[in-house]
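Below: the structure, in structure tokens.
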Amino acid sequence: MCGRFTLTKDKEEIAERFEIHIDPAMFSKTYNAAPSQTLPIITNTAPEQASFHKWGLIPHWAKDEKIGNKLINARGETIAEKPSFRDAAEKRRCLVITDGFYEWQRSGGEKQPYRITLADESLFTFAGLWESWSAPNGRDVRTFTIITTEPNGLMKPIHKRMPVMLTPENERVWISDEPLEEVLHLLKPYDEKEMNAYPVSSRVNSPKNNDISILNIAQQTIF
DNA sequence: CCAGACGTTGTT
DNA sequence: GTCTGG
DNA sequence: CCAGACGTTGTT
DNA sequence: GTCTGG
């Protein structure tokens with residue numbers, strides 16, 4: 001799955017790479033983006049700018065916003081059927097801007113966090129879905145979720161799932177007006193030859209730790 | 001008909 | 001909102 | 001995802 | 001154990 005990621009590039013570089021406008025008052029780089037935070041995405045309805053949504057999807061029909069705590073990921077295999085995701089999958093797709101994500105490898109009681117990036121550590125996007133939920137107080141809460149798929153060869157030793165990563169050629173297709181059926185084929189594991197993974201400090205475990213030192217290579221136990 | 005769920009991951 | 005279970 | 005809380009009353 | 005907050 002994907003429950004934490006990074007966005008460490010300057011907003012100028014992000015704006016240029018995705019050809020979007022970024023509100024400088026809203027943007028800040030992060031080494032530890034976590035669920036519930038408001039983060040930059042590119043939606044199908046406003047693809048020329050960064051939109052800032054809360055991580056954790058609240059379906060439009062929800063009575064209780066707490067459901068968003070659970071919907072931080074959506075299985076790509078079932079988004080067309082699940083009541084929580086199918087409307088968004090058809091009409092409200094998005095790109096989540098990132099330059100790496102964390103996964104925790106479990107062996108016994110131990111867990112070791114890894115950071116996974118493109119081989120050149122460049123910017124890329126996760127395939128996502130977004131929603132706008134009307135809170136009881138009348139305000140709209142805009143949210144998103146990250147789609148997952150089975151792991152590729154790089155990820156398999158680390159985790160059973162991985163986020164769907166899009167190539168630059170595919171990212172605008174994902175948020176096009178095509179019917180869901182026409183873009184579902186994009187929800188597959190990324191080419192592992194284009195990726196890299198390395199262990200990082202367990203300081204990343206606490207979402208309040210958000211500085212470059214969490215990227216330090218962890219001591220690895222070699223058996 | 002109404003009430004209640006609607007999700008993922010990991011672990012047992 | 002829509003579906004399932006009772 | 002992980003970390004941290006998980007409670008009430010009364011007083012300051 | 002389960003929920004909330006980041």
Side-chain angles (χ1 to χ4, degrees), chain A residues 1-8 26 28-40 52-92 96 98-117 126-136 140-151 155-165 180 187 189 197-211 213-215 218:
Chain A
M1 77 185 297
C2 177
R4 221 74 79 70
F5 65 88
T6 61
L7 183 53
T8 70
M26 292 294 292
S28 54
K29 63 171 68 173
T30 174
Y31 293 92
N32 212 347
S36 81
Q37 292 176 352
T38 299
L39 298 159
F52 290 84
H53 287 218
K54 213 169 129 75
W55 186 4
L57 193 95
I58 307 174
H60 56 87
W61 43 258
K63 292 190 184 71
D64 186 349
E65 64 186 314
K66 289 195 185 103
I67 192 173
N69 297 336
K70 299 171 180 172
L71 306 186
I72 66 170
N73 292 127
R75 293 180 63 90
E77 297 90 331
T78 54
I79 51 168
E81 290 85 41
K82 294 291 184 184
S84 294
F85 301 129
R86 58 188 176 197
D87 294 347
E90 193 64 60
K91 300 287 183 193
R92 289 179 292 279
V96 183
T98 183
D99 57 7
F101 60 98
Y102 300 106
E103 294 285 8
W104 280 260
Q105 179 185 54
R106 287 175 158 81
S107 46
E110 300 298 294
K111 58 185 175 189
Q112 170 63 56
Y114 286 78
R115 180 167 184 245
I116 298 93
T117 64
F126 300 127
L129 307 174
W130 66 273
E131 279 279 9
S132 185
W133 179 73
S134 282
D140 286 335
V141 182
R142 292 175 303 168
T143 61
F144 72 95
T145 192
I146 295 172
I147 299 174
T148 63
T149 186
E150 58 187 327
M155 292 301 302
K156 233 165 231 155
I158 301 174
H159 209 75
K160 288 181 180 172
R161 302 287 293 173
M162 69 180 287
V164 173
M165 305 163 61
L180 176 63
L187 304 183
Y198 60 94
V200 296
S201 164
S202 59
R203 292 192 66 246
V204 75
N205 291 4
S206 174
K208 288 180 181 175
N209 289 339
N210 179 10
D211 61 75
S213 73
I214 64 181
L215 300 186

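Remember, it's a predicted structure, so these values are computed and weren't measured experimentally. Chain naming here is simple, since letters A, B, ... match the order of the sequence lines and numbering starts at 1 in each.
Note: CD (Gln105(A)) to P (dG10(B)) measures 12 Å, nearest angstrom. Here the P atom of nucleotide dC6(B) and the CD1 atom of Ile58(A) are 17 Å apart, to the nearest Å. Between the CD1 atom of Ile214(A) and the P atom of dC1(D) there is a distance of 17 Å, given to the nearest Å. Summarising the geometry, the separation between CG on Asn205(A) and P on dG4(D) is reported as 10 Å, rounded to the nearest angstrom.
Within the 4.0 angstrom heavy-atom criterion, only backbone atoms of the sugar-phosphate kind lie near Phe85(A); the bases stay farther away. Residue contacts shown for Ile72(A) include a base, since a base heavy atom lies under 4.0 Å away. Nucleic acid contact class of Thr78(A) (heavy atoms, under 4.0 Å, all strands): sugar-phosphate only.
OP1 or OP2 of dT9(B) has at least one side-chain nitrogen or oxygen of Thr148(A) nearer than 4.0 Å. Phosphate proximity of dC1(D) to Ser36(A): absent, as no side-chain N or O sits under 4.0 Å from OP1 or OP2. Taking 4.0 angstrom as the limit, Arg4(A) places none of its side-chain polar atoms (N or O) nearer than this to OP1 or OP2 of dC2(D). Contact annotation: Arg106(A) reaches the phosphate of dC2(D) (side-chain N/O to OP1 or OP2, under 4.0 Å). A sub-4.0 Å separation between OP1 or OP2 of dT8(B) and a side-chain N or O of Arg75(A) is absent.
For dA3(B) and dG10(D), the C1' atoms lie 42 Å apart once the distance is rounded to whole Å. dG4(B) and dT4(E): their C1' atoms are spaced 23 Å apart (whole Å).
For Glu81(A), the CD atom counts as densely surrounded, since its 6.0 Å shell holds more than 12 non-hydrogen atoms of other residues, nucleotides or ligands.
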Distances for protein N or O near nucleotides 1-6 of chain C N or O, under 3.5 Å:
none

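In this structure, Pro59(A) and Leu71(A) have side chains that are in contact, with non-hydrogen atoms separated by less than 4.5 Å.
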>> If a pair means Watson-Crick or G-U wobble with both distances below 3.5 Å, what does DNA chain D look like in dot-bracket form, with | marking bases paired to a different strand?
In response: ||||||......
